[in-house]
Engineer: 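Can you keep this structure in mind? I'll have questions shortly.
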2 protein chains.
Amino acid sequence: MFQALADPNRRQMVQRLCEGPASVSELAAPLAMTLSAVVQHLAVLEGSGLVRTQKIGRVRTCQLDTQALRAAERWISERRALWERRFDRLGAFLAEQDLKEGDGA
Amino acid sequence: MFQALADPNRRQMVQRLCEGPASVSELAAPLAMTLSAVVQHLAVLEGSGLVRTQKIGRVRTCQLDTQALRAAERWISERRALWERRFDRLGAFLAEQDLKEGDGA
DNA sequence: ACGATACTTAAGCTCATGCTTCACCAACCG
DNA sequence: CGGTTGGTGAAGCATGAGCTTAAGTATCGT
């Protein structure tokens with residue numbers, strides 16, 4: 001999931017998909033690389049759950065799946081919250097240390 | 001940044017750092033690999049801005065930096081919001097399509 | 001039916017990543 | 001002062017990620 005977002009090209013594809021569904025070729029157009037490469041990136045995105053695709057006729061249409069995005073967002077925000085709480089507590093901790101200020105081991 | 005979070009070991013280190021600052025060895029302890037490897041991961045985390053470190057005596061102490069975490073969170077949430085809005089609009093679009101339902105090119 | 005289009009699949013190539021080992025320095029412990 | 005602890009740095013290696021080419025399949029347009 002983070003693995004999938006780690007690549008700039010893949011992020012660009014996600015960016016593009018934010019603005020609506022797209023075919024593989026449309027996705028590939030702005031991306032100085034072969035269709036093959038794009039398909040491989042797409043596979044990674046699909047594997048990570050970020051993108052869902054569906055083939056109609058010979059055209060594969062790609063769509064963002066917000067569920068995965070939401071999961072990533074949650075992972076980050078949980079950790080950030082955890083750390084920030086810890087950080088608040090640090091104030092109290094330091095104050096306490098100030099009082100002790102050099103007690104034996 | 002996403003690159004940095006892409007590695008499971010690195011995520012575990014971040015996880016550990018959520019619960020408070022740690023020395024390099026403390027960070028390495030639960031991680032079935034050599035200190036050297038951990039230091040290299042640490043360099044990646046530091047390079048991405050996720051972690052700040054500071055050396056006192058011979059001990060390097062590591063801390064999470066929430067700013068980077070916040071940036072990542074924002075990136076995701078912006079895109080998710082964008083897509084979700086687009087998704088809402090899809091309802092209207094489809095309704096309109098239903099009315100047209102087969103007009104000439 | 002025939003050619004163009006839209007992808008798909010496999011193979012191979014190259015460079016980055018993740019790891020290890022080994023030698024090393026610096027600080028603390030007695 | 002000498003040994004141990006905590007970390008650093010450079011090589012080197014194995015794997016995998018990202019790309020390409022090339023050949024193939026299935027639709028679509030006419």
Side-chain angles (χ1 to χ4, degrees), chain A residues 1-17 19-65 68 72 102-105, chain B residues 1-17 19-65 68 72 102-105:
Chain A
M1 161 88 242
F2 285 115
Q3 185 68 278
L5 286 176
D7 184 88
N9 291 313
R10 243 131 48 195
R11 278 199 302 273
Q12 200 178 329
M13 290 167 76
V14 167
Q15 174 77 52
R16 167 62 188 81
L17 286 176
E19 295 163 17
S23 73
V24 177
S25 329
E26 278 167 358
L27 226 43
L31 278 185
M33 68 174 99
T34 63
L35 233 187
S36 264
V38 171
V39 170
Q40 287 168 60
H41 280 305
L42 194 54
V44 175
L45 287 171
E46 210 173 348
S48 79
L50 271 166
V51 168
R52 272 172 316 128
T53 77
Q54 175 193 12
K55 191 162 186 175
I56 298 176
R58 59 185 168 166
V59 171
R60 175 172 300 279
T61 306
C62 313
Q63 264 196 162
L64 228 51
D65 182 354
D103 60 338
Chain B
M1 159 88 243
F2 284 116
Q3 184 68 284
L5 287 175
D7 184 87
N9 292 313
R10 242 130 48 192
R11 278 199 303 274
Q12 200 177 329
M13 290 168 75
V14 167
Q15 176 76 53
R16 168 61 188 81
L17 287 176
E19 293 162 19
S23 73
V24 176
S25 330
E26 279 167 359
L27 225 44
L31 277 184
M33 66 173 104
T34 64
L35 234 188
S36 262
V38 172
V39 171
Q40 287 168 61
H41 280 306
L42 194 53
V44 175
L45 287 172
E46 209 173 349
S48 79
L50 272 167
V51 168
R52 272 172 314 128
T53 77
Q54 175 192 12
K55 193 163 185 176
I56 298 176
R58 57 182 172 171
V59 171
R60 175 172 301 279
T61 306
C62 314
Q63 264 195 163
L64 227 52
D65 183 355
D103 60 339

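To find a chain, count down the sequence lines: A is the first, B the second, and so on, and within it residues start at 1.
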Engineer: Return the value, rounded to whole Å, for the distance between atom CD of A:Q3 and atom P of C:dT17.
Structural biologist: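 It is 11 Å, rounded to the nearest whole Å.
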Engineer: If every non-hydrogen atom of B:L27 is compared with every non-hydrogen atom of B:P30, which pair is closest and at what distance?
Structural biologist: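 Looking at all heavy atoms of both residues, the closest pair is O-CD, 3.4 Å.
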Engineer: Grab the CG-P distance between B:L42 and D:dG6 for me, whole Å please.
Structural biologist: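 Spelled out: CG on B:L42 to P on D:dG6 is 16 Å.
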Engineer: What is the distance, to the nearest angstrom, from the NZ atom on B:K55 to the C1' atom on D:dG9?
Structural biologist: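 Interatomic distance, NZ of B:K55 to C1' of D:dG9: 12 Å.
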Engineer: Polar atom pairs between nucleotides 20-23 of chain C and protein, under 3.5 Å, N or O only, would you list them?
Structural biologist:
unit_1	atom_1	unit_2	atom_2	d
C:dT20	OP2	B:T34	N	2.9
C:dT20	OP2	B:T34	OG1	3.0
C:dT20	O4	B:Q40	NE2	3.1
C:dT21	O4	B:S36	OG	3.1

Engineer: Less than 4.5 Å apart, any side-chain heavy atom of A:I56 and any of A:Q54?
Structural biologist: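 Counting from C-beta outward, A:I56 and A:Q54 do come under 4.5 Å.
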Engineer: Short of 4.0 Å, heavy atom to strand atom, which residues of residues 5-15 of chain A count as contacting DNA chain D?
Structural biologist: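 Result for residues 5-15 of chain A: A:D7, A:N9, A:R10, sorted by number.
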Engineer: Between the protein and nucleotides 27-30 of chain D, which nitrogen or oxygen pairs come in under 3.5 angstrom?
Structural biologist:
unit_1	atom_1	unit_2	atom_2	d
D:dT27	O2	A:R58	NH1	3.2
D:dC28	O4'	A:R58	NE	3.4
D:dC28	O4'	A:R58	NH2	3.3

Engineer: For the residue pair B:R52 and B:L64, what are the closest heavy atoms and their distance?
Structural biologist: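 Smallest heavy-atom distance, with atoms named: NH2-O, 4.3 Å.
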Engineer: Would you kindly give the CD-to-C1' distance between B:Q54 and D:dG6, to the nearest whole Å?
Structural biologist: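 Rounded to the whole Å, the gap is 16 Å.
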Engineer: Got a second to check how far A:L35's CG is from A:L42's CG, nearest 0.5 Å?
Structural biologist: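 If I round to the nearest 0.5 Å, the distance is 10.5 Å.
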Engineer: Can you tell me how far apart CG (A:L31) and CD (A:Q12) are? Round to the nearest 0.5 Å.
Structural biologist: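 So the CG of A:L31 and the CD of A:Q12 are separated by 5.0 Å.
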Engineer: Which pairs of donor and acceptor atoms, one on a side chain in residues 2-11 of chain B, lie under 3.5 Å apart (sequence neighbours left out)?
Structural biologist:
unit_1	atom_1	unit_2	atom_2	d
B:D7	OD2	B:N9	N	2.9
B:D7	OD2	B:R10	N	3.1
B:R10	NE	B:A4	O	3.0
B:R10	NH1	B:H41	ND1	3.2
B:R10	NH2	B:Q3	O	3.2
B:R11	NH1	B:L5	O	2.6
B:R11	NH1	B:A6	O	3.3

Engineer: Can you measure B:H41 atom NE2 to C:dT17 atom P for me and round it to whole angstrom units?
Structural biologist: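 Going from B:H41 (NE2) to C:dT17 (P), I get 12 Å.
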Engineer: Do B:M1 and B:L50 have side chains that approach each other closer than 4.5 Å (heavy atoms only, starting at C-beta)?
Structural biologist: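 The answer is yes, as the side chains (C-beta and beyond) meet within the 4.5 Å cut-off.
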Engineer: Rounded to whole Å, please give me the gap between CG in B:L45 and P in C:dG18.
Structural biologist: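 It works out to 10 Å between those atoms.
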Engineer: How close do B:D65 and B:G49 get, counting heavy atoms only, and between which atoms?
Structural biologist: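 Reported closest heavy-atom pair: CB-O, 3.5 Å.
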Engineer: How would you list, by chain and number, every residue that makes a side-chain hydrogen bond (donor to acceptor under 3.5 Å, both in side chains) with B:Q15, sequence neighbours excluded?
Structural biologist: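 Result, side-chain hydrogen bond (donor to acceptor under 3.5 Å, both in side chains) vs B:Q15: A:R79.
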Engineer: Check side-chain contact (heavy atoms from CB on, under 4.5 Å) between A:E26 and all other residues, then give those that pass, not counting sequence neighbours.
Structural biologist: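 side-chain contact (heavy atoms from CB on, under 4.5 Å) list for A:E26, sorted by chain: A:R16, A:A22, A:S23.
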Engineer: Give me the atom names and distance for the closest heavy-atom approach of A:T53 to A:R60.
Structural biologist: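 Taking every non-hydrogen atom into account, OG1-NH1, 2.7 Å.
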